[in-house]
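The structure appears right after this line, and notes come after that.
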Amino acid sequence: MASAAPSGRDPLISISARATEPRVRRMVRALDAALRASGVTDDQRGSITLAVAEALNNICEHAYGKGAAGPVSLTATLAPEELEVILRDSGGAMPGGALPPPRPPDPSVSRDSLPEGGFGWPLMHKLCSDISYNRNKGQNTLILRFEASCVTLRH
Amino acid sequence: MQLTSTTHNSILVITVEDNRIDAASAIRFKDAMRALTEDGPAHAVLDLSGVAFIDSSGLGAIIAAMKQMGEGCRLDLAGLTPDVARVFRLTRMDSIFVIHPDMAAALQRAAG
């Protein structure tokens, strides 16, 4: 369920591209540049960029999967105490219609059992103050919220 | 994915020349690391001081690179920039590597 967006504000950045890994890299770089120019702290910028990169990678890999990559759009809007990032794609639905749980991989296992994946969603849960997902008419909307006070205190 | 390497006192120093290890380059990183380490240095240090960004794909590839070095071999990390350190810290994967502030410290620690 989407809560009210920072209203009446021009987006900090609004871009769209095909959801391929090289294009996602470019989108993440563009977001990073926009954040550098925006006045958020370096710590906030790093956290936001990482969370958005993880979300975009998931869209590449899971929403579109092995078929032809479709478009993904990113819109980031900055308010005094919060940044909101909206990602939209027209790929497949999130399994079960819900977000994966935040349970992170375990670093204390034996070396051969060390995980090489599964870090993305737990990272997003740590970095975002709120994550919401909905699907309507074949379109996925993922909203990531970063509260100014949260981003620096969480870690 | 460009890696360069030199050997100091039997430690293989691997420098990542790209400034990102992300979903677009993680597999190439892993393959490049395998090529450098498959004839087995026992101890390698990965210099990440030029890397400004990794995502969880990059993290997974670094872990995979360590695992593919095999039993008894060691891959340390050096020169983590703040954004890269954040990924290791939040995933708690900083606990599975020896992490040096920079390469000078890494080589000093190994020699000492």
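The figures that follow rest on heavy atoms only: side chains count, while hydrogens, waters and symmetry mates do not. Every chain is numbered from 1, with letters handed out A, B, ... down the list of sequences.
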Please tell me whether [X] and [Y] have a donor and an acceptor in their side chains that are separated by less than 3.5 angstrom.
X        : Y        : answer
Thr37(B) : Gln68(B) : no
Thr49(A) : Arg29(A) : no
Ser73(A) : Ser16(A) : no

Original post:
With respect to chain A, which residue among Cys73(B), Ser57(B), Ala61(B), Ser95(B) yields the maximal number of heavy-atom pairs within a distance under 4.5 Å?
Top reply: Cys73(B)
Original post:
Can you name the nearest heavy-atom pair linking Pro11(A) to Thr77(A), along with the distance?
Top reply: CA-OG1, 4.0 Å
Subject >> Contacting region of Ile62(B) [heavy-atom separation from chain A under 4.5 Å] >> reply: neither
Original post:
By a 4.5 Å heavy-atom criterion (distance strictly below it), what part of Asp83(B) contacts chain A: side chain, backbone, both, or neither?
Top reply: side chain
**OP:** Please state whether the side chain, the backbone, both or neither of Asp112(A) comes within less than 4.5 Å of a heavy atom of chain B.
**Re:** both
Original post:
Considering only heavy atoms, which portion of Leu123(A) lies under 4.5 Å from any heavy atom of chain B: side chain, backbone, both, or neither?
Top reply: side chain
Subject >> Leading residue by heavy atom contact count with chain B [cutoff under 4.5 Å; candidates Arg111(A), Glu54(A), Glu21(A)] >> reply: Arg111(A)
**OP:** Name the option with the most non-hydrogen atom pairs under 4.5 Å to chain B; the candidates are Arg23(A), Glu61(A), Glu116(A).
**Re:** Glu116(A)
**OP:** Report yes if the side chains of Met124(A) and Asn58(A) come closer than 4.5 Å at any heavy-atom pair, otherwise no.
**Re:** yes
Subject >> Main-chain N/O of Val109(A) paired with Ser113(A) side-chain donor or acceptor, under 3.5 Å >> reply: no
